[in-house]
Amino acid sequence: MSRQTAGSRPRREVEKSINQYGIFPVTVTRVEDLGASFRRVSLSGRSLLHAAQPISDGFGPLQDAYIKLLVPPPGASEPTLIELDENWRSRWLAQPVEIRGHMRTYTVSRSRLIPASSLDETHLHGLFPATAADLTPLERPLPSWQQPEIDLDFVLHQDADGVMGPGSAWAAGVQVGERVSILAPLRGSSLWASWNPGSAERLLLLADETALPALLSILRDLPPQAEARLLVELPHAADCQAVQQQARHFLEALPAVELICLPREGQVRGQALLTELHRILDLGQHPYRYEQAGEEELVWQLASAPQDSYVFIAGESSLVKTLRRVCVNEAGIPKDNISFMGYWKQGRMES
Ligand SMILES: Cc1cc2nc3c(=O)[nH]c(=O)nc-3n(C[C@H](O)[C@H](O)[C@H](O)COP(=O)(O)OP(=O)(O)OC[C@H]3O[C@@H](n4cnc5c(N)ncnc54)[C@H](O)[C@@H]3O)c2cc1C
């Protein structure tokens, strides 16, 4: 049963719309635990052939491209379908969550083509695989026996009482073979992404665990001459070890790129990241003054045509605000050189 009726229009694999995005029903092809805190869920379906490249063909930079996952309500046996007319959002939000489920945002960590006839033979190679096979260019048009597959890497977070958000809970319980829908840009339109370094030659990337997939997808496509520092705070030392191990392949080809993984291990969120940021920017001791993102505040702004240096900050909104303040007020980095994205807000569900 569909979670939302498609009205009188015939249901199609891809619901094209007046918008430049579509609903893509896909099948879960693989579920894999990554380190201590992450779970990778691979999704595949011929419908993805209609998505923006490289989601549709696995060839080209993803950078920090993201999609919306239509998290089905518990017990749903079919993927959510929404007719994407001009009122779809308000119509969808007006329904009870028990019927419509939830919409959550996730980075496309990898994309590739797989044999359409043998979904269960998808070969992945552990955490953040670095295989040349994944990057091989493919002939176009695509043969009928191939179909796209994408990976989403979920942080399995829970509160002090063990309660997970719907997105995290879905990833924790999902089984291979289940069907789900994603909302993503259509083929021929641009990916949804924030990475915009312009002509900057010196790059600084700051992230929490939710932006690790974005960071790693950006890392994979940096040019060999890139000069970059990537700082990411992760829940546990085991996450850091796994990430460093898997990123080694890419870092070997990038002599002026440094990836610094900082385990939180029970410290206040952001403390390790702020301390390290002060160290690498030579800012001396700092008083740990945290900014607080307001309830309704949108913490999201992209740099405008940065030159020379570029800073990319993504993660929890109050932390992102604080990191930006340090960069601007303490390090004197021009505001226009900074893209900052509050991916989520502590204590607040994604709407
Ligand atoms: C562009 C973009 C890309 C993103 N990419 C990814 C990605 O690749 N992987 C990923 O895991 N997340 C990613 N996120 C973040 C993700 O969308 C949010 O964490 C989202 O809130 C998770 O939904 P949920 O249903 O699990 O929790 P919600 O229902 O939204 O929140 C429930 C509670 O959990 C808290 N919470 C939410 N996320 C976390 C967390 N990570 N750690 C601790 N507490 C949390 C909330 O503050 C709230 O109190 C991305 C967000 C954006 C905007």
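Order of appearance sets the numbers: ligands from 1, and atoms from 1 within every ligand. All residue numbers refer to positions in the sequence shown, counting from 1.
Residues Phe38 and Phe154 place their aromatic rings such that the two centres sit no closer than 6.0 Å. Aromatic ring centroids of Trp300 and Phe340 lie 6.0 Å or more apart.
Atom 20 (C) of ligand 1 has Glu350 OE1, 3.7 Å as its closest protein atom, hydrogens excluded (heavy atom only). Looking at atom 11 (O) of ligand 1, its nearest protein heavy atom turns out to be Val155 N, 2.8 Å. For atom 47 (O) of ligand 1, the nearest non-hydrogen atom of the protein is Lys345 O, 2.6 Å. Protein heavy atom at the shortest distance from atom 29 (O) of ligand 1 is Arg104 NH2, 2.9 Å. For atom 34 (O) of ligand 1, the nearest non-hydrogen atom of the protein is His157 CE1, 3.2 Å. Ranking protein heavy atoms by distance to atom 31 (O) of ligand 1, first place goes to Met349 CA, 3.6 Å. The closest protein non-hydrogen atom to atom 2 (C) of ligand 1 is Thr105 CG2, 3.5 Å. If you check which protein heavy atom lies closest to atom 6 (C) of ligand 1, you get Thr210 O, 3.3 Å.
Note on Glu297 versus Lys321: salt bridge recorded, some NZ/NE/NH1/NH2 to OD/OE distance being below 4.0 Å. With respect to the salt-bridge test (charged N to carboxylate O, under 4.0 angstrom), the residues Arg264 and Asp208 do not qualify. In summary, Arg348 and Glu316 do not engage in a salt bridge, as defined by a charged side-chain N under 4.0 Å from a carboxylate O. Salt-bridge check for Asp308 with Arg202: passed, with a basic side-chain N closer than 4.0 Å to an acidic carboxylate O. Glu330 and Arg325 are joined by a salt bridge, as a carboxylate oxygen and a charged side-chain nitrogen come within less than 4.0 angstrom of each other.
Below 3.5 Å of separation, one finds an N or O of Ser168 facing an N or O of ligand 1. The N/O atoms of Pro166, backbone and side chain alike, include one that comes under 3.5 Å of an N/O atom in ligand 1. At a 3.5 angstrom cut-off on N or O pairs, Gly347 counts as close to ligand 1.
By the criterion of a heavy-atom distance under 4.0 Å, neither the backbone nor the side chain of Glu316 is placed next to ligand 1. Residue contacts with ligand 1 for Tyr106 involve both N, CA, C or O and side-chain atoms from C-beta outward (heavy atoms, distance under 4.0 Å). Only the backbone of Asp153 comes within 4.0 Å of ligand 1, counting heavy atoms alone; no side-chain atom from C-beta on gets that close. In Phe154, the part holding a heavy atom less than 4.0 Å from any atom of ligand 1 is the backbone.
When the options Trp192, Tyr66, Trp344 are ranked by their closest heavy atom to atom 1 (C) of ligand 1, first place goes to Tyr66.
Heavy-atom proximity to Pro213, at under 4.0 Å, picks out these atoms of ligand 1: 8 (O). Interface of Arg269 with ligand 1, defined as ligand atoms under 4.0 Å from a residue heavy atom, comprises 42 (N), 43 (C). Taking every non-hydrogen atom of Gly167 and a distance limit under 4.0 Å, the qualifying atoms of ligand 1 come out as 24 (P), 25 (O), 26 (O).
Side-chain contact of Ser317 with Lys345: a donor-acceptor pair under 3.5 Å is absent, judged by distance alone. A donor-acceptor contact closer than 3.5 angstrom is absent between the side chains of Ser109 and Asp151. A donor-acceptor contact under 3.5 angstrom links the side chains of Ser339 and Asn196, judged on distance only.
Of the options Ile338, Ile280, Leu230, Leu323, a side chain to side chain contact (heavy atoms under 4.5 Å, CB included) to Leu204 is made by Ile280 and by none of the others.
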ask   = Could you go step by step and tell me if Thr210 and Tyr106 meet the side chain to side chain donor-acceptor pair (under 3.5 Å) rule?
value = CA-CA 8 Å; Thr210 59; Tyr106 292 96; over 6 Å; no

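Heavy atoms of Arg40 come nearer than 4.0 angstrom to ligand 1 in no pair at all.
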